[in-house]
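This report concerns only the one structure given below.
Starting from 1, each residue takes its place in the sequence as its number. It should be emphasised that the depicted structure is a prediction, and the values quoted were computed from it without experimental measurement.
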Amino acid sequence: AGHAGARHRGRAEPPAPAPRARGEPPQDTPRPRGVGLAAGSAVVPVAGRVVRAFGAPTAAGPAEDIAYRAAPAARVVAPCAGSVVFAAPFRSYGQVLILDCGDDFHFVLAGMAQIVAAVGQTVLAGEPIGAMRAWSPGGDPGAPAEPPTLHVELRRGTAPIDPGPWLRATP
């Protein structure tokens with residue numbers, strides 16, 4: 001099983017955010033206030049603890065996401081205000097949601113059991129967008145062996161960047 005949301009060499013990836021439309025201003029052009037991200041302005045999308053940091057070594061190279069160990073059935077919220085550009089199951093990554101935060105920033109959230117936002121929907125930072133799967137240690141023998149983990153990736157254009165500095169300390 002691969003790491004959900006992590007884009008590693010040789011692994012399948014969810015679709016990349018759409019390129020900017022022709023005639024759209026370049027990245028360094030000032031945008032209207034409230035569009036895009038500033039350091040510390042995004043909401044941590046799930047209550048939990050970090051179990052893998054951005055850049056941590058993995059079998060496929062440095063991690064391009066932050067992995068949060070979440071409580072069973074934990075609510076997942078939008079890290080920024082923006083538009084949902086992808087919301088569907090993706091291979092072994094579970095439910096994947098890509099959120100366009102403006103100014104060429106996209107959050108990729110992977111590993112959810114349920115998504116409650118639809119493609120094209122505009123959401124506010126902190127608004128519920130999904131839920132993690134249920135899990136009971138030592139319970140149902142058919143249940144997954146690992147607790148639920150949310151993989152949070154931030155991209156500017158197609159380049160992965162460390163989401164840590166962009167996220168507020170509390171969900």
Are any non-hydrogen side-chain atoms of [X] and [Y] less than 4.5 angstrom apart?
{"X": "Asp65", "Y": "Arg52", "answer": "yes"}
{"X": "Ile115", "Y": "Val76", "answer": "no"}
{"X": "Leu37", "Y": "Leu154", "answer": "yes"}

What are the two closest non-hydrogen atoms of [X] and [Y], and how far apart are they?
{"X": "Leu167", "Y": "Pro45", "result": "CD2-CD, 4.4 Å"}
{"X": "Ala87", "Y": "Ala117", "result": "CB-O, 3.8 Å"}
{"X": "Arg75", "Y": "Val46", "result": "O-CG2, 3.6 Å"}
{"X": "Leu99", "Y": "Gly82", "result": "CD1-C, 3.7 Å"}
{"X": "Arg69", "Y": "Pro147", "result": "CD-CB, 3.2 Å"}
{"X": "Glu127", "Y": "Thr122", "result": "OE1-O, 4.5 Å"}

**OP:** Evaluate the side chain to side chain contact (heavy atoms under 4.5 Å, CB included) criterion for residues Val108 and Val96: first the C-alpha distance (whole Å), next the side-chain angles of each, then the deciding distance (0.1 Å), finally the verdict.
**Re:** CA-CA 7 Å; Val108 179; Val96 175; 4.1 Å; yes
Can you hop from [X] to [Y] via hydrophobic side chains spaced under 4.5 Å?
{"X": "Val116", "Y": "Val123", "value": "no"}
{"X": "Leu109", "Y": "Val51", "value": "no"}
{"X": "Leu124", "Y": "Val84", "value": "no"}

Original post:
Between Arg155 and Thr158, is there a donor-acceptor pair closer than 3.5 Å when you use the side chain of the first and the backbone of the second?
Top reply: yes
Original post:
Where the side chain of Asp103 meets the backbone of Phe105, is there a donor-acceptor pair that is under 3.5 Å apart?
Top reply: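 No, Asp103 side chain to Phe105 backbone: no donor-acceptor pair under 3.5 Å.
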Subject >> Inter-residue atom distance Gln121.CD - Ser83.OG, 0.5 Å rounding >> reply: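 Answer rounded to 0.5 Å: 9.0 Å.
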Original post:
In Å, rounded to the nearest 0.5 Å, how long is the span from OH of Tyr68 to OG1 of Thr149?
Top reply: 12.5 Å
Original post:
Once the angle between the rings of Phe90 and Tyr93 is folded into 0 to 90°, is it parallel (under 30°), tilted (30 to 60°) or perpendicular (over 60°)?
Top reply: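 Parallel: the ring planes of Phe90 and Tyr93 meet at under 30°.
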Original post:
Do the ring centers of Trp166 and Phe107 come within less than 6.0 Å of each other?
Top reply: no
